Amino acid sequence: MKAWRHYLLVVVFFGACAGMAVRVVYLNVRDSDFLQGQGNARSIRTEPMPAFRGVIYDRHGEPLAVSTPVMSIWTDPSFVTLDVSAVEQLATILKLDPITLQMELRSDARREFYYLKRRATWQEYEDVRALGLDGVYFQREYRRYYPAGDTTAHVVGLTGVDDQGLEGVELTFNDQLRGQYGRKVVLKDRRGQIIKDLEYLEAPRFGKDLELSIDLRLQFIAHRELQAAIAARQASSGSIVMADARTGEILAMVNEPSYNPNDFSRSLGHGVRNQAITDTYEPGSTIKPFTVLAALASGRWEAGSMIPTAPGYYRVGSLLVQDPLNRGTISLNTALQKSSQVAIAKVALDLDPRAVYDVLTRIGIGEYMGVGLPGEAAGTLNDRGLNNPVVRTTLAYGYGLAISPLHLTQGYLAFASGGLRMPLTILKQPGPPRAERVIEESLAREVVEMMESVTAREGTAPGARVPGYRVSGKTGTSRKVGAQGYDETRHVALFAGLAPASDPRFVMVVVINEPKGEEVGGGAVSGPVFGQVAGRALRLLGVRPDAERAI
Amino acid sequence: MKGAQSWFILALLVVVVASGVQVALKSHEVRRLHAELQAAQRTQDELLAEYSRLLLERSTQAAFHNVERIAETELSMQFPDAVERLEP
Amino acid sequence: MTGSLDRTLVFSWLMILGLGIVMVASASVAISSTLLIKHGIYLGLALGAFCGALVTPLEWWRQGHRLALVASLALCTAVLIPGVGVEVNGARRWIGLGAFSVQAAEVCKLLLLVYLAGYLARFHDDLADRPVALLRPLAMLALPATLLLAQPDFGTVVVIMTVAIGLLFVAGARLRHFLLLVVLGGAALAALAVLQPYRMQRLVSFLNPWEYAFSSGYQLTQALIAFGRGEIFGLGLGEGIQKLFYLPEAHNDFIFAVIAEELGLVGALVVIALFALLVVRILRVARGALDAGDRFGGYLVYGIGLLLGIQALVNFGVNTGVLPTKGLTLPFVSYGGNSLIVCCTMIGLVLRLQLEHSERG
């Protein structure tokens, strides 16, 4: 053969190969960006990485706030038309009116997105999915449930639509509880399987669980009794705070009015305030035990020291101190038991000008406490005018200062713990509290014993008694300040106490605001609430009865 | 063709091909395991959701009110008076 | 005995074959793990056929070259008979034989090459003088070609006809006769494309695949994306994405795209270079035989070289979107099947020819 034919063939073949090579260079290098863009559009997706908000538990592990996925069910009327029977089935499951639904779907036929039901329950979702309807879609969302509802509403609080805490511990511990979806860019094969995680846009953030010091059972009991009392007394509001005498952990904190945090339609505002910590009152006679304590601590007074109160009133400067009746000469103990204004005023004036004030500040009354709930009031207690006997006298029986039920709880905690000051906390504490001695133990015990007489038959609050147990406490009734000074018709009924007196397990403060009717005093209105709640609480906590066998 | 050298190259070729095949298979294995991991994470997510629902259900069933109501109405239980209580 | 073989030819062939194994492993693993094993079995059969061809004297083939035409006709007819031929995706291409199946077109390629070589060896002297001698073999080829078109298998017909025309050129056809043939062939192709509308459809989608990216242009766009992803050095062996159900036939007709994706521009150029090297070495062997006066062997191996080269080029062209989509494999690289066996047999024939000449020399 002729050589040129062979070489022509080889050259043509090489030429074709070179052409192919050039084409590959074009594709792999020059068109690379365009082609990769096309490829990525088909294979790269952004995927959510689910993470939800932490659970809030009570001290025994009962859930108080739980985020759970719910499904919003929607359809695309512009794309699918659901037939009549399908709409009827849907309406039955989702508890909607079939005719209205049918009409809405028809009239909105051009819309691309129609919610059949937002945040349907899981059961509804599963039932609808079981129908296997084409054109019905599901969208996952999280909803926060509060199983204890209004009972724990003020403590737990609630979250807003964006899953951020708005109230209560949901707000104060939002950073800890918060869960946040992550996002990642992934490579998927054509069947939708993720082959590779390309990039993490945002790491998912799992909310941490929170364990509160609250005991849900006590919370329930306290709330029920408070509701009952407020209804019976036609009172405007009320609070109960209960704390562990040994650790300072808050076991219960309830208010009325309350609200249902599970109800989305509710307009925010009414009943949202956690009055136990945000509202301050003049504590009235509940301050007297601290005056007695100051007296005992001075060494000049003993429980049995006699004080003349005749004729039942006593003038201090411009102030007329009055008892309801002339009690004659009574002991310091009886003065506390009967809540004698005259006796306490005389004791207070005998003491160092700062004595009562110092006791109150030492145990933490009138300070910001940082219990872990939003909106905590600091209260007002200052040492201005202590040189004035009038100021000293009113302070001794609980006027001229404004404190919250929480402060009062802190104060009585000092008695119950045998003279210790420890922080009140809303979170369950892993170990023993940071306690600081603020009262000599023997003095604290002595005041507790003296306060026990308050719940005796002759005391001001026999209703606070619990059969089988020894209960100590002190009543208080203060008038509210109106537009023209003290309002004689609006009262605050208080009872602060602890049980059992021999070895206190808890302190409790009951405040009932503006009770109506014949009896408006702390002993009559709040005392029995204390007794009811304390009775149930002592049994639930398994506390051994410490009283002489009841006859 | 020099025999020994050719056989040596041939042997190298076989080894290269074998390791190449292994590389290809293993990289697919990685992807398969990754898909498995994704599936496991999805399951975990579903189980967490299920757990939260069960938690809610238990808390509803075991609510204090509920237990008390059942104890008092269905089981006819009642709190003893102080007098009836036995001291251990 | 091995001393006389062309080491460059053998190693370029073995490297292509080895690359084929690796790439089939990579491209098929996501689809089914058994495909690689099947590929291994086919490879075993192919090496067996290779050895068979190596030890069979070429004289045996020369004497049977007329029979080869008859056999190819028989195969192409049989495949069209329902019950014998198996229909896959609307095309009858396979004859089922139990676990094994024969792809008629692949076997026909070899048989028709043998026939052509035999014909050209016999009528070598007439070719330059009598134009009719040019047309006769083409006329004979028209029969099996028509049957192949009935399958339908347009791609194989184009390849065989191109090889035939190339062989006539090598055999010394006059340049004007030859050019006339090329024009006629081109016209026939165009006519076929227009007569059968689905080909027109393919043609259009190949010219502008992105417009039909989700219908007829789907496969091509996915192949092009594979090239784009590969850039210079590729995503890495086994790291390709397109093979994950995006690119159909990734382990078969479109394996070149997978190579370009995983091994990049470098890998693709190496494959092209290896084929260029292999084909040129084969043609060199053929030329040596013709110079030594062995017409049958020379034309046969020329045909083999042209066939392998053209099929590789068409496959590259289809993968890169320069040629319309055809069901043509990349020799030695694509997943198993009859193609692998037939192509390896061809290499056996090439080496047999070289062997016979070195023995004589």
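The model shown is predicted, which means the values in this text are computed figures rather than measured ones. Side chains included, hydrogens not; waters and symmetry mates left out as well; all remaining heavy atoms used. Numbered from 1 within each chain, the chains take letters A, B, ... in sequence-line order.
Nearest heavy-atom pair across C:Val22 and B:Val17 is CG2-O, 3.6 Å. When every heavy atom of B:Ile9 is checked against every heavy atom of C:Phe11, the shortest pair comes out as CG2-CE2, 3.4 Å.
Proximity to chain B is absent for every atom of C:Leu17, based on heavy atoms less than 4.5 angstrom apart. Contacts of C:Met23 with chain B are absent, with no heavy-atom separation under 4.5 Å from either backbone or side chain.
Checked against ring-ring contact (aromatic ring centres under 6.0 Å, His included), B:Phe64 has no partners two or more places apart in sequence or in another chain.
Contacts with chain C (heavy atom to heavy atom, under 4.5 Å) involve these residues of residues 22-60 of chain B, listed by number: B:Val23, B:Ala24, B:Leu25, B:Ser27, B:His28, B:Arg31.
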